[in-house]
There are 2 protein chains.
Amino acid sequence: MTVSKTAEKSGDAAKGRKDVGDAQIHGHAEALQLGELSEQLGYVLKRAQLKVFENFIRCMASLQLTPAQFSVLLLVEKNPGRNQTEVASTLGILRPNFVALLDNLESRDLCARIRSTNDRRSHILVLTDKGKAVLSRAKKLVATKHESRLNELLEPANREALLQMLSKIANEF
Amino acid sequence: MTVSKTAEKSGDAAKGRKDVGDAQIHGHAEALQLGELSEQLGYVLKRAQLKVFENFIRCMASLQLTPAQFSVLLLVEKNPGRNQTEVASTLGILRPNFVALLDNLESRDLCARIRSTNDRRSHILVLTDKGKAVLSRAKKLVATKHESRLNELLEPANREALLQMLSKIANEF
DNA sequence: TGATAATTGTTATGGACCATATCAAATATC
DNA sequence: GATATTTGATATGGTCCATAACAATTATCA
């Protein structure tokens, strides 16, 4: 047995466990009451985030771009010539974990590492022509398939308010 | 070398890489421009979610409850007598992954599995007395340390609107 | 009824993501 | 010029998420 490390192993599966009848005698599994859970910001926030990412990934299936990869391309396009440490830290990605991410983008010829002549330790990041083209197509996909879906759900004004509140939480919490 | 599995290994680290000078000759690392990134709902959503969870975990440090554990306790309190499959699926947790989570709560005597007499395959879940007491304290911590912090940031009306929009996204996207 | 299918909790396992320590090369500091 | 710091990289371990498989039990239905 190899219980998860956080879970102190609780002895062999079914040691002294009482038996009892439940109210669902052939009852047809009514949905559970969420109760206070639906008021927990963290809970709702996470569920919403998962849904948005899920949809994003579906929309990007043809380009095979994950949210993280898309964010790197966007950031490098906007800030060409920055090094890995700068780009990674801006995205909240730790340098060691950024290496494989970049390896992937570089191997697909979307992004290039160029050794800086000013500081030969660092790698300057730029988009390749193909990277720019793919990012352009990605933006269109996001607009037409992803954002559009969201606009059906939320009023434009509300969408803006939502973004603003989330930014506030992300930056000041 | 063991590059991440998603990243096709791109050959040995620094193969043909050009050199080039950047604009930051002894420049003091100005912050990068987020650009369109700050308008990407998914990006902002994720950053906000991480911040909220981070704060939640800090607030719960004395009780050692993660967001997932807290959600299980809340749900079992509201719906005593349901089995693992029902509780797990309501929370979007896959049954196999729910086992270790429950092992942990049960080993800490916060929650109990009871074999149902109606269907001897299933385990009925209930909170122990200690579980109820701990959950009660947890709720107070959330209210006084977590939610309060949020209320400083957002107007009450805005907080309600935020929750409503997130729920809409979580449920209808 | 009895053979077969489905369900429940569980284990095993692998992938993705995140975090820390460490290293060589290059640069900064003093 | 000796020492400390920074950069990209590797190794490694933890946590979370997803799938396959299994035994015990229950449902289905011929």
Side-chain angles (χ1 to χ4, degrees), chain A residues 1-7 9-15 17 19 22 24-26 28-29 46 49-50 53-54 57 66-69 71-72 82-89 91-104 106 113-125, chain B residues 1-7 9-15 17 19 22 24-26 28-29 46 49-50 53-54 57 66-69 71-72 82-89 91-104 106 113-125:
Chain A
M1 67 177 292
T2 309
V3 176
S4 166
K5 308 83 196 177
T6 49
K9 46 205 74 159
S10 60
D12 278 341
K15 61 175 179 183
R17 198 160 284 161
D19 288 20
D22 56 28
Q24 302 286 318
I25 306 181
H26 276 210
H28 296 314
K46 174 134 199 198
Q49 185 260 318
L50 288 176
F53 267 44
E54 188 186 309
I57 292 170
T66 68
Q69 292 166 342
S71 69
V72 171
R82 298 305 196 112
N83 65 28
Q84 298 184 195
T85 297
E86 293 172 313
V87 173
S89 83
L91 293 174
I93 301 172
L94 293 171
R95 271 81 61 182
N97 300 328
F98 194 56
V99 174
L101 213 177
L102 260 191
D103 284 347
N104 184 337
E106 198 177 29
R113 296 187 241 224
I114 306 176
R115 174 143 273 137
S116 167
T117 52
N118 302 320
D119 184 343
R120 294 179 39 75
R121 289 170 300 185
S122 60
H123 290 161
I124 290 313
L125 300 182
Chain B
M1 68 176 291
T2 310
V3 177
S4 165
K5 307 83 193 177
T6 49
K9 46 205 73 158
S10 60
D12 279 339
K15 61 177 180 183
R17 197 160 285 162
D19 288 19
D22 56 29
Q24 302 285 318
I25 305 180
H26 277 210
H28 297 313
K46 173 134 200 198
Q49 185 260 316
L50 288 176
F53 267 44
E54 189 185 308
I57 291 170
T66 67
Q69 291 166 344
S71 70
V72 171
R82 298 305 196 111
N83 66 27
Q84 297 184 198
T85 297
E86 292 173 313
V87 173
S89 83
L91 293 174
I93 301 173
L94 293 171
R95 272 82 57 173
N97 300 328
F98 194 55
V99 174
L101 213 177
L102 260 192
D103 284 346
N104 184 337
E106 198 176 28
R113 294 189 243 223
I114 305 177
R115 174 143 275 136
S116 165
T117 52
N118 302 322
D119 184 343
R120 295 177 40 74
R121 288 169 301 186
S122 60
H123 290 163
I124 290 313
L125 299 181

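Letters go in sequence order (proteins before strands), and every chain restarts at 1. Values below: every heavy atom of this structure, side chains too, minus hydrogens, waters and symmetry copies.
- Residue A:Arg95 places none of its side-chain N or O atoms closer than 4.0 Å to OP1 or OP2 of C:dT22.
- Whole-Å rounding puts the B:Asn104 CG to D:dC16 P distance at 10 Å.
- Atom-to-atom, CD of A:Glu86 to C1' of D:dT7 comes out at 11 Å; the value is rounded to the nearest Å.
- With contacts defined as side-chain heavy-atom distances shorter than 4.5 Å, the pair A:Glu54/A:Leu50 does not qualify.
- Listed pair B:Arg115 / D:dT25 fails the phosphate criterion, with no side-chain N or O lying under 4.0 Å from OP1 or OP2.
- Of the listed nucleotides (C:dT8, D:dT7, C:dA19), C:dA19 has the atom at the smallest distance from the side chain of A:Asn97.
- A 4.5 Å side-chain heavy-atom check between A:Leu125 and A:Arg113 finds at least one atom pair inside the cut-off.
- Taking every side-chain heavy atom of A:Pro96 into account, D:dA9 is the closest of D:dA18, C:dT10, D:dA9.
- Between B:Ile93 and A:Thr85, the residue anchored nearer the 5' end of DNA chain D, judged by the nucleotide with its closest heavy atom, is A:Thr85.
- Residues forming a side-chain hydrogen bond (donor to acceptor under 3.5 Å, both in side chains) with A:Arg121 (at least two apart in sequence, or on another chain): A:Asp119.
- Proximity note for A:His123 (side chain, C-beta onward) versus C:dT27, C:dG9, D:dA9: the nearest is D:dA9.
- Rounded to an integer number of Å, the gap from CG of A:Asn83 to C1' of C:dT27 is 13 Å.
- In this structure, CZ of B:Arg113 is placed 15 Å from P of C:dT8, rounded to the nearest angstrom.
- If you measure from atom CG of B:Asn118 to atom P of C:dT8, you get 14 Å, rounded to the nearest angstrom.
- Rounding to whole angstrom units, CG of residue A:Leu91 and C1' of C:dC17 are separated by 15 Å.
- Closest to the side chain of B:Arg121, out of C:dT10, C:dT27, C:dA6, is C:dA6.
- Protein atom CG of A:Leu94 is 16 Å distant from nucleotide atom P of D:dT10, rounded to whole Å.
- For C:dC18, the OP1/OP2 oxygens have a side-chain nitrogen or oxygen of B:Lys46 closer than 4.0 Å.
- At a cut-off of 3.5 angstrom, the base of D:dT25 holds no donor-acceptor pair with the side chain of B:Arg120.
- With rounding to the nearest 0.5 angstrom, the CG atom of B:Leu94 is 11.0 Å from the OG1 atom of B:Thr85.
- Side-chain contact between A:Arg95 and A:Gln84 is absent, with no heavy-atom pair separated by less than 4.5 Å.
- Nucleotides of DNA chain D nearest to A:Val99 and A:Leu50 differ in position, and the one nearer the 5' end is that of A:Val99.
- The side chain of A:Gln84 has D:dG8 as its nearest neighbour among D:dG8, C:dG9, D:dT19.
- The nearest whole Å value for the distance from the CG atom in A:Leu101 to the P atom in C:dG15 is 18 Å.
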